[in-house]
2 protein chains.
Amino acid sequence: MVTLAEVAQHAGVSASTVSYVLSGKRSISVSTRERVELSIQQLGYHPNAGARALASSRSNIIALMVPLRTDMYVPVMMEIAIAVATTARTHGYDVLLLTGEEGPAAVRRIAGSSLADAMILMDVELHDERLPLLRETDRAAVLIGLPADADGLTCVDLDFEATGALCVEHLAGLGHREVAVIGEAAAVYERHTGFAERTVDGIRAKAQEAGVRVLHRPCEGGYPAMAQTLSRIFDERPGTTGFIVQNESAVEPLLNLLRQQGRAVPEDVSVVAICPEQVASQASVRLTSVAIPAQEMGRRSVEQVVAKLTGRGTDEVELLAPELTVRESTGPAPR
Amino acid sequence: MVTLAEVAQHAGVSASTVSYVLSGKRSISVSTRERVELSIQQLGYHPNAGARALASSRSNIIALMVPLRTDMYVPVMMEIAIAVATTARTHGYDVLLLTGEEGPAAVRRIAGSSLADAMILMDVELHDERLPLLRETDRAAVLIGLPADADGLTCVDLDFEATGALCVEHLAGLGHREVAVIGEAAAVYERHTGFAERTVDGIRAKAQEAGVRVLHRPCEGGYPAMAQTLSRIFDERPGTTGFIVQNESAVEPLLNLLRQQGRAVPEDVSVVAICPEQVASQASVRLTSVAIPAQEMGRRSVEQVVAKLTGRGTDEVELLAPELTVRESTGPAPR
DNA sequence: TAGCCCTGTCGAAGCGCTTCGACTCGCTGA
DNA sequence: TCAGCGAGTCGAAGCGCTTCGACAGGGCTA
């Protein structure tokens, strides 16, 4: 491995000069800079990450805690993770992938060992165990998601309350008066995952305002679960004409089951989905939907974290405004 | 931050003794060990990762290069990534997430900076640009996937040739003589991604042996693409009674379209899928399938890499044997 | 022309850890 | 009885980098 000292010798300057060329923290004459850069090129020098971290006490690594549960909402998670990784690179950071398995201990470990300069947490619960630790530590952190108490924390998320409201507004505007909400798996609500509960809150609030009756049912993905959930819904509320679905893996089963039951979309029932753009546009009926801006969330969270690390950051909650795209799964309520 | 020296002082021993307690590389008396461990506890000591990496020239980090393309078989990737991360932790390693964006340069950067002790590469192409660099470097590496020339490399993958063969064997055994293969998106073949091509090879070889006619068509996921692909297939081969699908996002569209055309599964046509277990069992028809053992692949790749790092490793190709699970989407060919 | 500041460079002191002798015991075996 | 050994501990020398203070020289201002 080539070292700084070797580069310095090759270029005929001192080690500190090479360091300053690299960091730009002191002015260097053009001729010296060029000579050093040439030596770096020729020798194929790469600064040693460990030494750099030790000397500067900054590792240029951002830790990303993803949920362990592979059952849940996986494509969105992956999209966020990749957006985080690529955005981080453009700011000179690498990303350390932590799974939820370690739990809150991971926060302690990473902060204690100075392995990462900052952390981004996904899958935030309303009363997340990791938050107290996060507040204690001096490490920069950003949540993707919104806990019950966001005080002193920086959060990035889709505005799920507004999302829920938007869906209801759209259906109400089309004359629907009985709406069913197909939610995430029950476990998601049991963990009090922020986004799921907030969506339902937004739906209920707007429904009350608009005079719409709402029935909310959690649902595991897949056919069997969806079939059961659907038949219960129609038992309880035969007059249901609108659906809001917030579970990717329930979307296609729902559409198929409605079809099998002879209910036409959107003539008999309307469906609004809260899901990634791709799912909505590639479903068997092109879905009216509110997109989950996974990439944007990943990108913004990194930008927030980098701002904090460079001292420009503030603690604030950034909620991305939802956008509803009308496609072919919603129409006027039947008479 | 608490340092080794502080722990040493607190416990009344020298720094090196604390270090040996931590690493276990020299024998330590029970009483000293306990005293040191107590101090570590009380002070909440965590070794500084950078200092450790610098002194020992091992970072205890494994780099994982995932493909950038978010469009492509994403859930499998995520599952592998999570399996890699959790398995790595059980061996004392953390995982650095690299996207394909940087390309081969990432290999150079990581190796040069000693940021990671080893690398795991996903989404391997038959003639992958990263391989020459990998062979040059002394870093341990494992591929998830199989390039054309695996000489001197360690690879872990599902045996996709055997997978293809297994699918054909199953259909042939049921009397099917005209089989269509719905493949991955054309771009996947253009990049000469190992697994996609190997599957087709395996299919063709076994088909020839079994006297089965095969028509292979790449297919983007989603309804529009699948509809077009399907109509072309029946135009060209009206007698097609068997399908092999290797594209998660084509599965559900295919089933729906067949249904719409009045072709019953499995009475009129049989469908075998190559996809994650979950997709197969939750589809609208429970699918006969060969599972993609994502977790297993992630786990094995880490174990291989750890073996290499501890000197027990060998260069070898480990192909996981495919298993076909018969469910409700395949049956005897119609007369 | 003296004094000052600015630019560009260097030397040296760490950062916190690992690891290699080296040293001290108390034992064992000849 | 004493060399020799293993167990247990310590001190010191780095690992490769960043960064601080110092300093030389040139161009200003006064």
| said: So for the helix from C:dC4-D:dG27 to C:dA30-D:dT1, with five pairs setting each end axis, what is the inter-axis angle to 10°? | reply: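 Axis-to-axis angle, ends of the helix: 40°.
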| request: With a 4.0 Å heavy-atom cut-off, tell me which residues in residues 42-51 of chain A come close to DNA chain C, sorted by residue number. | output: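 The stretch gives none, as no residue of it lies under 4.0 Å from the strand.
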| request: List in numerical order all residues of residues 4-11 of chain A for which some heavy atom is under 4.0 Å away from an atom belonging to DNA chain C. | output: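 By residue number: none to list.
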| field | Whichever of B:T32 and B:A55 has its nearest DNA chain D nucleotide further upstream toward 5' | value | B:T32
| Side chains of A:T32 and A:S29: is there a donor and an acceptor less than 3.5 Å apart? | yes
| For residues A:S114 and A:R58, is any side-chain donor paired with an opposing acceptor at under 3.5 Å? |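 No, no side-chain donor-acceptor pair sits under 3.5 Å.
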| salt bridge (Lys or Arg N to Asp or Glu O under 4.0 Å) partners of residues 11-36 of chain A, not counting sequence neighbours, each pair once |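 Output for this query is empty, none listed.
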Non-hydrogen side-chain atoms of [X] and [Y] separated by less than 4.5 Å:
X: A:V66; Y: B:I82; value: yes
X: A:F195; Y: A:L126; value: no
X: A:V317; Y: A:L146; value: yes

| request: Just grab all the side chain to side chain donor-acceptor pair (under 3.5 Å) pairs involving residues 298-311 of chain A, residues at least two apart or on different chains. | output: A:T154-A:K308, A:E296-A:R299, A:R299-A:E303, A:R300-A:E303, A:R300-A:E318, A:Q304-A:E318, A:K308-A:D315, A:T310-A:R312
| field | side chain to side chain donor-acceptor pair (under 3.5 Å): pairs with one or both residues in residues 12-21 of chain A, sequence neighbours excluded | value |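 Only A:S14-A:S16, A:S14-A:T17 qualify under side chain to side chain donor-acceptor pair (under 3.5 Å).
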| query | Would B:T99 and A:R89 count as a side chain to side chain contact (heavy atoms under 4.5 Å, CB included) if you check the C-alpha gap in whole Å, the side-chain angles of each, and the deciding distance to 0.1 Å? | reply | CA-CA 9 Å; B:T99 64; A:R89 280 305 306 146; 5.6 Å; no
| Any donor-acceptor pair under 3.5 Å from A:D157 side chain to A:L319 backbone | no
| note | Taken in chain and number order and not counting sequence neighbours, the residues that satisfy side-chain hydrogen bond (donor to acceptor under 3.5 Å, both in side chains) with A:S27 are none
| said: Taking salt bridge (Lys or Arg N to Asp or Glu O under 4.0 Å) as the definition, give me every residue that meets it alongside A:R109, ordered by chain and number, with sequence neighbours left out. | reply: A:E102, B:D94
| What are the residues of residues 13-27 of chain A, sorted by number, that bring a heavy atom to within less than 4.0 Å of DNA chain D? |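 A:S16, A:S19, A:Y20, A:K25, A:R26 - these, ordered by number, are the residues of the stretch whose heavy atoms sit under 4.0 Å from the strand.
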Would you be so kind as to tabulate the donor-acceptor pairs closer than 3.5 Å made by side chains of residues 128-136 of chain B, with sequence neighbours excluded?
from   : atom 1 : to     : atom 2 : distance (Å)
B:D128 : OD1    : B:R130 : N      : 3.0
B:D128 : OD1    : B:R130 : NE     : 2.8
B:D128 : OD2    : B:E125 : N      : 2.9
B:D128 : OD2    : B:R130 : NH2    : 2.9
B:R130 : NH2    : B:M122 : O      : 3.3
B:R130 : NH2    : B:D123 : O      : 3.4
B:R135 : NE     : B:D151 : O      : 3.0
B:R135 : NH2    : B:D149 : O      : 2.9
B:R135 : NH2    : B:D151 : O      : 2.9

| message | Evaluate A:S113 against B:R52 for side chain to side chain donor-acceptor pair (under 3.5 Å), listing each step before the verdict. | response | CA-CA 10 Å; A:S113 66; B:R52 191 167 250 194; over 6 Å; no
| query | So where does chain B start and stop touching DNA chain C, 5' to 3', when the test is distance under 4.0 Å to a non-hydrogen atom? | reply |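 The contact span of chain B on DNA chain C goes from C:dG16 to C:dA22.
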| Listed partners of A:A5 passing side chain to side chain contact (heavy atoms under 4.5 Å, CB included), at least two apart | A:T3
